[in-house]
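The structure appears right after this line, and notes come after that.
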Amino acid sequence: MPSIALPPGQPFSLDQTLGCGQVFRWERSPDGTWLGIVDNHVIRIRQEGTRLRFRGAPEEFIRRYFSLDIDLLPLLSSIDNDPVIHRAIGQCNGLRLVRQLPWECTVSYICSTNSNIPTIRRRIGLLAERFGTRIQSGGQTFFTFPEPSCISCKGHEGLTICKLGYRQPYVYGTSCTVTDVRSWEKKIRRLPYEDARKELMKLQGVGPKAADCILLFAFQKYDAFPVDVWIRRILKEQYLPDLPTDAPLTTREYDRIRKFAKEQFGEYCGWAQEYLYAARIL
DNA sequence: GACCAGGAAGAGT
DNA sequence: ACTCTTCATGGT
């Protein structure tokens, strides 16, 4: 089994990284081995101290997916600007943002609205089972995440068994809009954060929160700061006590929070968001 | 059964 | 440009 030696001074925690809620198609077995489907790879990976043992994809793919090329300590010290984020960083030692595939990430966060993580995971799994390509690995069957044309091929009723609820027409509509994933991806990647955000929000089912998640998790726009109910709660408790409690989050409040986060944490505020989110339960 | 979950669209104003 | 309502599903 191939392995990667993590260099000293380059913190990485597989459990923090895959367990923090940024990805939906990874599962941890009791012995600590994670199994995930990324693109057309069925990856099995475990961490033994400062060594990663893996199967199912080339080493370079693993390094890139887990952002092992990023020098984490300077990045963290750039956001480590107050006691609250300091504690979150301490609690989530070795958490890294991964580089998700844009199309899968987009559909995932369309499916995420007003839902909890287990439900989102189930929807993504159903989409793959229904429309993805079969992969055999280790005597088991898995499915890739489907291309847009595969999702839309049977009309929007074909999606019903995936139990997307009111998100079904959004996934269908967006699949019809993004016919050419490669050029779509290239177009978004080329744009700076604010422009890319506007472009993504043209897609059905993609609002401010989903757009920010897609930009942060799939396009490495690290100045994106997704605001969900948890982040809003944390910011109200720890930073902005005058935020309204339970009224629906308006565009103006969302933008105020984004602006605050950028000023408080800097150009890597998206990483701060993920540390705060991951530490929310602790 | 009420309430919540990594919100967004559409109508009405 | 703001406010209000509705949306489908599963877990607690």
Side-chain angles (χ1 to χ4, degrees), chain A residues 16-26 88 92 95-98 100-102 104-127 129-130 156-178 197-219 221-222 224-238 243-258 261 269-282:
Chain A
Q16 292 286 354
T17 299
L18 294 178
C20 72
Q22 61 176 323
V23 287
F24 302 109
R25 298 196 77 199
W26 284 91
C92 305
L95 169 61
R96 284 172 189 257
L97 295 180
V98 304
Q100 296 189 35
L101 278 92
E104 177 179 338
C105 186
T106 299
V107 177
S108 297
Y109 282 93
I110 290 174
C111 291
S112 79
T113 68
N114 210 15
S115 303
N116 51 39
I117 290 177
T119 306
I120 302 162
R121 296 171 61 92
R122 200 172 43 77
R123 291 185 185 129
I124 305 304
L126 287 169
L127 278 168
E129 240 174 84
R130 174 92 161 101
H156 90 272
E157 291 91 352
L159 281 164
T160 304
I161 61 170
C162 301
K163 303 194 177 286
L164 308 182
Y166 65 86
R167 306 155 196 87
Q168 174 173 326
Y170 304 156
V171 171
Y172 179 75
T174 293
S175 296
C176 295
T177 304
V178 183
R197 190 172 191 264
K198 281 177 197 148
E199 196 60 34
L200 283 176
M201 286 173 62
K202 292 179 185 169
L203 297 172
Q204 293 180 55
V206 179
K209 155 68 169 57
D212 281 333
C213 284
I214 297 161
L215 292 169
L216 181 61
F217 299 140
F219 289 100
K221 307 289 190 194
Y222 294 142
F225 191 87
V227 182
D228 58 33
V229 292
W230 294 100
I231 288 296
R232 180 192 185 189
R233 213 167 280 159
I234 294 165
L235 264 81
K236 179 180 171 55
E237 285 170 8
Q238 306 293 341
L243 275 179
T245 331
D246 263 338
L249 187 64
T250 65
T251 306
R252 199 179 33 251
E253 284 157 351
Y254 193 110
D255 288 343
R256 180 186 164 207
I257 295 174
R258 277 204 295 158
C269 57
W271 287 72
Q273 191 273 3
E274 205 53 19
Y275 274 82
L276 292 172
Y277 181 78
R280 74 193 183 281
I281 327 162
L282 306 175

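Just so it is clear, the model here is predicted, and its values are computed rather than measured.
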Using a 4.0 Å heavy-atom cut-off, does [X] contact any base of the nucleic acid, only the sugar-phosphate backbone, or nothing at all?
{"X": "A:R232", "result": "nothing"}
{"X": "A:R167", "result": "base"}
{"X": "A:S115", "result": "base"}
{"X": "A:E253", "result": "nothing"}
{"X": "A:Q22", "result": "base"}

Rounded distance (Å) that lies between atom [atom2] of [N] and atom [atom1] of [X]:
{"X": "A:N114", "N": "C:dT5", "atom1": "CG", "atom2": "C1'", "result": "13 Å"}
{"X": "A:I117", "N": "C:dT12", "atom1": "CD1", "atom2": "P", "result": "13 Å"}
{"X": "A:Q168", "N": "C:dA8", "atom1": "CD", "atom2": "P", "result": "10 Å"}
{"X": "A:K163", "N": "C:dC7", "atom1": "NZ", "atom2": "C1'", "result": "16 Å"}
{"X": "A:L249", "N": "B:dG7", "atom1": "CG", "atom2": "C1'", "result": "9 Å"}
{"X": "A:L164", "N": "B:dA5", "atom1": "CG", "atom2": "P", "result": "21 Å"}
{"X": "A:L200", "N": "B:dG7", "atom1": "CG", "atom2": "P", "result": "17 Å"}
{"X": "A:R197", "N": "B:dG7", "atom1": "CZ", "atom2": "C1'", "result": "13 Å"}

Strictly under 3.5 Å: I want the nitrogen or oxygen pairs between protein and nucleotides 1-3 of chain C, one per line.
{"unit_1": "C:dC2", "atom_1": "OP1", "unit_2": "A:R252", "atom_2": "NH1", "d": "2.7"}

Mind listing the closest non-hydrogen atom pair of [X] and [Y] along with its distance?
{"X": "A:L203", "Y": "A:V178", "answer": "CD2-CG2, 3.9 Å"}
{"X": "A:P169", "Y": "A:Q204", "answer": "O-OE1, 3.8 Å"}
{"X": "A:G158", "Y": "A:R130", "answer": "O-NE, 3.1 Å"}
{"X": "A:F225", "Y": "A:C269", "answer": "CD1-O, 3.3 Å"}

If I pick the [atom1] atom on [M] and the same atom on [N], what distance separates them, to the nearest angstrom?
{"N": "B:dA11", "M": "C:dA8", "atom1": "P", "answer": "16 Å"}
{"N": "C:dT6", "M": "B:dA2", "atom1": "P", "answer": "16 Å"}
{"N": "C:dT5", "M": "B:dC3", "atom1": "P", "answer": "16 Å"}

Assess, by modelled atom type and distance only, whether the side chains of [X] and [Y] contain a donor and an acceptor separated by less than 3.5 Å.
{"X": "A:R25", "Y": "A:S108", "value": "no"}
{"X": "A:D212", "Y": "A:Y109", "value": "no"}
{"X": "A:Y166", "Y": "A:T113", "value": "yes"}

State yes or no: are the ring centers of A:Y222 and A:F217 separated by less than 6.0 Å?
no
May I ask you to decide whether A:R258 forms a salt bridge with A:D255, counting only side-chain N to carboxylate O separations under 4.0 Å?
yes
With A:R280 as the cation and A:Y277 as the aromatic partner, state whether NZ or CZ is under 6.0 Å from the six-membered ring centre and within 45° of the axis.
yes
Tell me whether the OP1 or OP2 atom of C:dT9 has a side-chain N or O from A:R122 closer than 4.0 Å.
no
Among B:dA5, B:dG7, C:dT9, the one nearest A:D228 by side-chain distance
B:dG7
Grab the N/O contacts between the protein and nucleotides 8-11 of chain B below 3.5 Å, and write none if there aren't any.
{"unit_1": "B:dA8", "atom_1": "OP1", "unit_2": "A:G207", "atom_2": "N", "d": "3.1"}
{"unit_1": "B:dA8", "atom_1": "OP1", "unit_2": "A:G207", "atom_2": "O", "d": "3.4"}
{"unit_1": "B:dA8", "atom_1": "OP1", "unit_2": "A:K209", "atom_2": "N", "d": "3.4"}
{"unit_1": "B:dA8", "atom_1": "OP1", "unit_2": "A:A210", "atom_2": "N", "d": "2.7"}
{"unit_1": "B:dA8", "atom_1": "OP2", "unit_2": "A:K209", "atom_2": "N", "d": "3.3"}
{"unit_1": "B:dA9", "atom_1": "OP1", "unit_2": "A:G205", "atom_2": "N", "d": "3.1"}
{"unit_1": "B:dA9", "atom_1": "O4'", "unit_2": "A:Y170", "atom_2": "OH", "d": "3.3"}

